[in-house]
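Proteins get letters first, then strands, A, B, ... in listed order; numbering begins at 1 in each. Please read all numbers here as calculations on a predicted model, not as lab measurements.
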Number of protein chains: 2
Amino acid sequence: MARPTMEDVAARAGVSRALVSLVFNNSPKVSDRRREAVLTAADELGYQPHVMARALASRTSTVLGVMVSDLRNAFFADVIEGLESAAREAGFELVLNSGSRSPGREKAALRSLLSFHPAGVVLLSPVLPASAIEAAARTCPVVLVSRGSRLSTVDTVNDDGVAGSALAVEHLVSLGHRRIAHLDGGTATTAAARRRGYRLAMKAHGLTPVVLPSEHTDTAGEKAVHHLLATVSRADRPTALFCGNDFNAFGAISALEEEGLRIPDDISVVGYDNTSFSALRRVSLTTVDQPRLEMGRLAVEALLERVRGERTAPARHLLHPSLVPRGTTGVPPN
Amino acid sequence: MARPTMEDVAARAGVSRALVSLVFNNSPKVSDRRREAVLTAADELGYQPHVMARALASRTSTVLGVMVSDLRNAFFADVIEGLESAAREAGFELVLNSGSRSPGREKAALRSLLSFHPAGVVLLSPVLPASAIEAAARTCPVVLVSRGSRLSTVDTVNDDGVAGSALAVEHLVSLGHRRIAHLDGGTATTAAARRRGYRLAMKAHGLTPVVLPSEHTDTAGEKAVHHLLATVSRADRPTALFCGNDFNAFGAISALEEEGLRIPDDISVVGYDNTSFSALRRVSLTTVDQPRLEMGRLAVEALLERVRGERTAPARHLLHPSLVPRGTTGVPPN
DNA sequence: CTACACGCTTGGAGCGCTCCAACCAATAGA
DNA sequence: TCTATTGGTTGGAGCGCTCCAAGCGTGTAG
């Protein structure tokens, strides 16, 4: 398992170690003859430069640290896919860590990322205290995804939940709906922005917002719908529901069908997140999509701008979600 | 951004650099007085050992390379979660790469992982040629997940699709079903084992296997069911369907309901993979669960056994899936 | 024919750390 | 009292690489 070093390649090619280094860094001041000799020698030996040694000697790092609160959440997996492809294109490598939604764990995870002396760190929805983030930012560039910050030393990438809700409301209004209720996400981190966006959009259209308490689960969606139908008269019943997320919407749909309502003929439903099952033909849920890959790419970009010293002012990316119209929305009854 | 080094800590604590190293490696031969002096000095300076420098000097690595073919696939995300937690417990860090299902990309990804001189490498369902895997195994321990190998130098971790199918068949048989059809997964990598397991289990019970061509998508499931109902007489119709995966099962269910069949009263359906939506109350799909986290943990374990030289014989982990009985299965009609 | 620039090449110092041999009390045994 | 022994500590070499100053041969101008 002993791997060849630059020294070995140099010896075999009959040149000095420094020349080999120049070749592997694509220096223009190497004669073609030598370059080829080095390259073939390296090839024969199966030589590969040692990233760690290079990092140490060059005082630069090609490592990006990534801490994710929950990998199993498809949202983060998508963002990481975006991070990964952007990092690869820029010649960087991802070191990955999971924080498991616990501040203690996250602190340890961050420590261990920083011990790589990475070029930068991406924190996906961390629950870490701001002070810890600030401390990390003194060490290397830091980007926060799905979490805001007022620190001028850290960049942020978020989706615009206010705009996303507006899209949903616009869509329903343009179909002719006027009584549109929102099934709230409760304490979920994304719920506040979505609720606010809903309220604003409704008022902008001169409509009365109706926020029904719920949660980001299918059972909560069912419960909220049953409660709604039991307490509101037929005439006052909303003709459309804008749900906090797709799971909630799915539960709402189940309950509506159970109560004998047809979708979208009797009532329209919009979700949020564009999870994989919302595209299933049977579900065909109209929903709001966050540009998750794009968020990952932007995070890497922000990091690299700092690394290259192109920017010192904080970046505040607020990404525009998009509406994915499918089969659960239509014109209101009558 | 200049971070303190061991030298700085040594100077501040009034000791030598070597002593600081001993402290940070928990050497027993350091007096308590010195240890404490070093620790407080390190704390005041915000010192953290540099993993890369340590790796270089100690000729050991705490890095595990992970190449995943598709991060957005929830299956891999779960396996990586398992890898991550096992790695963390053992004091290792994950360097992550995506191969994007292209042999060329995967080769490049593997190269870049190896350039870290990792302690070991985990390849998640690679499409890489065996020769490339063999070459990598000459460099460091390699574990394959969701892919077999006959190389004695690499370990493998797979789920036992044959056993998983058997579980599904057993479950249906124990409910009283005798006409059980299988919606095949076609060319999907996991399909062959599931098909074989189904056939074996059916024969073991003296039943006739019926394999209906399909694919691992919801639309394919729908199509297969419509075709089945159109071509098979009521009397010969299966009383249960064992689908290649959850998506396929979901499509099958949609089609069955569309044709006026009630589930599970008229026909039972079993999926495979236990994807997140199969647990939704409305879906409540009986399915087969693979121990994904466990697979990740075992991969790390296998790697570490090789690293520590505890084993040279290849490990062949074949994990037992488990049945998750939910609402789509019941006793057959009559 | 010398000067001197230019292009290519090289040795050496050093990145932050580990690890080994050597060292230095302080104590114990003879 | 003198030597072993032991527990604690240290300087130095070196991991694989980069980068700089310096070297060297060749070509061109003076």
What is the separation between atom CZ on Arg3(A) and atom C1' on dG16(D), rounded to the nearest whole Å? 12 Å
Round to a whole Å and report the spacing from CG of Asp32(A) to C1' of dT9(C). 15 Å
Quick one: does Val122(A)'s side chain get under 4.5 Å of Leu303(A)'s, heavy atoms only? yes
Tell me the interatomic distance from Leu56(B), atom CG, to dG16(D), atom C1', rounded to whole angstroms. 5 Å
May I ask you to verify if any side-chain N or O of Ser16(A) is less than 4.0 angstrom from the OP1 or OP2 atom of dT10(C)? yes
Test log, rule side chain to side chain donor-acceptor pair (under 3.5 Å), inputs Ser125(A) and Arg101(A): CA-CA 9 Å; Ser125(A) 190; Arg101(A) 286 247 150 260; 3.1 Å; yes
Among dT18(C), dT18(D), dC17(D), which is the nearest nucleotide to the side chain of Ser58(B)? dT18(C)
Between Ser31(B) and dG8(D), is there a side-chain N or O to OP1/OP2 distance below 4.0 Å? no
Name the closest nucleotide to the Thr5(A) side chain, picking from dC17(C), dC17(D), dC15(C). dC17(D)
With respect to the phosphate group of dC15(C), does any side-chain polar atom (N or O) of Arg59(A) fall under 4.0 Å of OP1 or OP2? no
Grab the two heavy atoms, one from Pro4(A) and one from Leu45(A), that are nearest each other, plus how far apart they are. CG-O, 3.4 Å
Nucleotide dG16(D), atom C1' - distance to CE of Met52(B) in whole Å: 14 Å
May I have the distance from Phe116(B) (atom CZ) to dC17(D) (atom P), rounded to whole angstrom? 14 Å
Mind calculating the distance between NE2 (His50(B)) and C1' (dC17(D)) to the nearest angstrom? 13 Å
Which nucleotide sits closest to the side chain of Lys29(B): dC17(C), dG8(D), dT18(C)? dG8(D)
Taking CE from Met6(A) and P from dC15(D), how many angstroms apart are they, rounded to a whole number? 15 Å
Taking the nucleotide of DNA chain D with the closest heavy atom to each, which residue, His117(B) or Ala18(B), is nearer the 5' end? Ala18(B)
When the distance from CD of Glu36(A) to P of dT9(C) is rounded to whole Å, what number comes out? 13 Å
Using the rule side chain to side chain contact (heavy atoms under 4.5 Å, CB included), only one of Glu89(A), Arg292(A), Glu81(A) pairs with Arg297(A); which is it? Glu89(A)
Do Phe116(B) and Phe116(A) have ring centroids that are under 6.0 Å from one another? no
Phosphate contact (dC8(C) OP1 or OP2) by Arg34(A) side-chain N/O below 4.0 Å: no
Is there, by distance only and without an angle test, a donor paired with an acceptor across the side chain of Arg17(A) and the base of dG12(C) below 3.5 Å? yes
Asn25(A) has its side chain closest, among dC17(D), dC17(C), dT18(D), to dT18(D)
What does Phe24(A) touch in the nucleic acid at a heavy-atom separation under 4.0 angstrom: a base, only the sugar-phosphate, or nothing? nothing
If you check every side-chain atom of Leu19(A), which of dC17(C), dT9(C), dG16(D) has the closest atom? dT9(C)
